[in-house]
Amino acid sequence: MRRRDLLPLALAIPGLAKAQAPERWDLPTGFIDSNFHTQTLRGFCADVAQRTGGRLDIRLYPNNTLLAFAGIRRAVQQGQVQAGETLLSLHGNEDPILEADAIPYLAVGYDQAMTLYRAQRPFLDARFSQVGLRLLYAVPWPGQGLYTKAPVTTLADLRGMRMRTPTPASTRLAELIGAVPTMVQSGEVAQAFATNVVTGMMTSAPTGIDTQAWEFARYFYTADSWHPKNGVLVNARVFDRLDPAIRAAVLEAAAAAEPIGWAASQAADVAAKQRLAAQGMQVLPVPPALETELKAASRQIATAWATRAGEPGAAVVRAMSG
């Protein structure tokens with residue numbers, strides 16, 4: 001039978017045309033296309049298409065082109081989009097377990113970040129299941145550091161600084177050290193510095209590249225004090241409606257994407273620090289006196305967080321101290 005003869009047949013047999021059409025998902029993220037998180041997502045989407053033989057088409061929308069980053073998690077939960085990427089710790093106010101990876105100095109470096117993730121993951125899965133979401137995979141940012149216009153040596157140099165703080169935990173840290181916490185999205189950082197809305201920020205080296213930090217800051221102090229993770233979420237009802245073979249393929253692609261993303265994060269950290277230095281920024285370790293003071297403030301945050309988080313928090317702390 002010739003191909004054009006199949007169309008009347010497809011229309012005549014209920015469900016045939018629909019069965020042959022691929023399922024389409026929209027997946028927004030807040031980061032630019034060159035960011036390693038976005039590149040990991042592109043690889044994941046391509047892998048899903050390959051594993052499903054094109055039966056599931058996930059279309060990626062980077063750099064807030066479909067939705068503002070802060071609204072992506074809610075949009076996935078409400079079914080406005082099928083999937084999306086969010087910063088897990090951005091939602092720590094609704095459940096403390098979501099911000100475990102944003103507690104300063106609880107997990108320093110990638111090895112400790114993985115230990116924390118393994119302890120945190122069962123609680124993340126349980127939490128998202130309660131609200132109609134499913135976590136496909138999570139990838140950490142490089143260790144968070146401090147960007148400033150002027151050199152700093154002690155906590156006194158940070159008092160009064162208008163500091164960009166993207167998460168509840170970083171907001172509390174800013175308050176404890178006497179800085180003024182200010183919420184600014186990554187795409188608005190350069191303008192915020194130019195207008196003195198912020199005069200310092202705590203974020204990763206790759207974000208410094210994305211925002212061209214050398215245009216507004218001179219110093220990057222590599223604290224590596226925490227590794228917040230981006231999580232890729234899917235609406236649970238949408239996921240559960242998929243054919244079982246397609247569901248399995250999505251999970252397999254997610255399991256493959258996660259270690260790729262972790263490796264990409266480490267590579268991006270090294271490359272970003274080199275590029276910041278090449279652009280004329282001073283890339284330095286945190287001065288010892290300042291690090292001591294930051295750790296003291298961080299212990300208060302960790303103690304308060306573990307109390308709020310209950311048994312999940314205690315389990316994570318045990319894993320990190322064991």
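Because the structure is predicted, anything quoted here is derived from the model rather than measured.
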Does Glu94 CD have over 12 foreign heavy atoms under 6.0 Å away? yes

Aromatic centroids of Trp141 and Phe31 separated by under 6.0 Å: yes

Mark yes or no for whether Asn235, through its side chain, and Val76, through its backbone, hold a donor-acceptor pair below 3.5 Å. yes

Report the residue from Ile301, Leu176, Leu294 that forms a side chain to side chain contact (heavy atoms under 4.5 Å, CB included) with Pro104. Ile301

Carefully, step by step, assess Arg73 and Val131 under the rule side chain to side chain contact (heavy atoms under 4.5 Å, CB included). CA-CA 11 Å; Arg73 178 216 175 277; Val131 295; 3.6 Å; yes

Could you list the donor-acceptor pairs under 3.5 angstrom formed by side chains in residues 150-161, with sequence neighbours left out?
residue : atom : partner : partner atom : Å
Thr153  : OG1  : Asp157  : OD2          : 3.1
Thr154  : OG1  : Ala156  : N            : 3.4
Asp157  : OD2  : Thr153  : N            : 2.7
Asp157  : OD2  : Thr154  : N            : 3.1

In this structure, NZ of Lys295 is separated from CZ of Arg299 (nearest 0.5 Å) by 8.5 Å

Which pair of non-hydrogen atoms, one from Asp26 and one from Pro28, has the smallest distance, and what is that distance? O-CD, 3.8 Å

Atom CZ of residue position Arg218 - does it have more than 12 heavy atoms of other residues, nucleotides or ligands inside 6.0 Å? no

For Tyr147, the option from Phe220, Phe193, Trp214 that meets ring-ring contact (aromatic ring centres under 6.0 Å, His included): Phe220

Answer yes or no: is there a side-chain heavy-atom contact under 4.5 Å between Tyr117 and Asp101? no

State whether the side chain of Thr38 and the backbone N or O of Pro62 hold a donor-acceptor pair below 3.5 Å, judged by distance alone. no

If you count every heavy atom of other residues, nucleotides or ligands that lies below 6.0 Å from Asn196 atom CG, does the total exceed 12? yes

By side chain to side chain contact (heavy atoms under 4.5 Å, CB included) - contacts of Thr211 (at least two apart): Val189, Met201, Thr207, Ala213, Phe216

Crowding at CD, Gln191 (>12 non-hydrogen neighbours, <6.0 Å): no

So, Thr171 and Thr165: side-chain donor and acceptor under 3.5 Å apart, yes or no? yes

Distance-only, no hydrogens or angles: does the Gln39 side chain make a donor-acceptor pair with backbone N or O of Asp33 under 3.5 Å? yes

Any side-chain donor near an acceptor of the partner, Thr29 and Glu85, under 3.5 Å: yes

Any heavy-atom pair between the side chains of Ser298 and Ile103 that's under 4.5 Å? no

Any non-hydrogen side-chain atom of Ile72 less than 4.5 Å from a side-chain atom of Tyr61? no

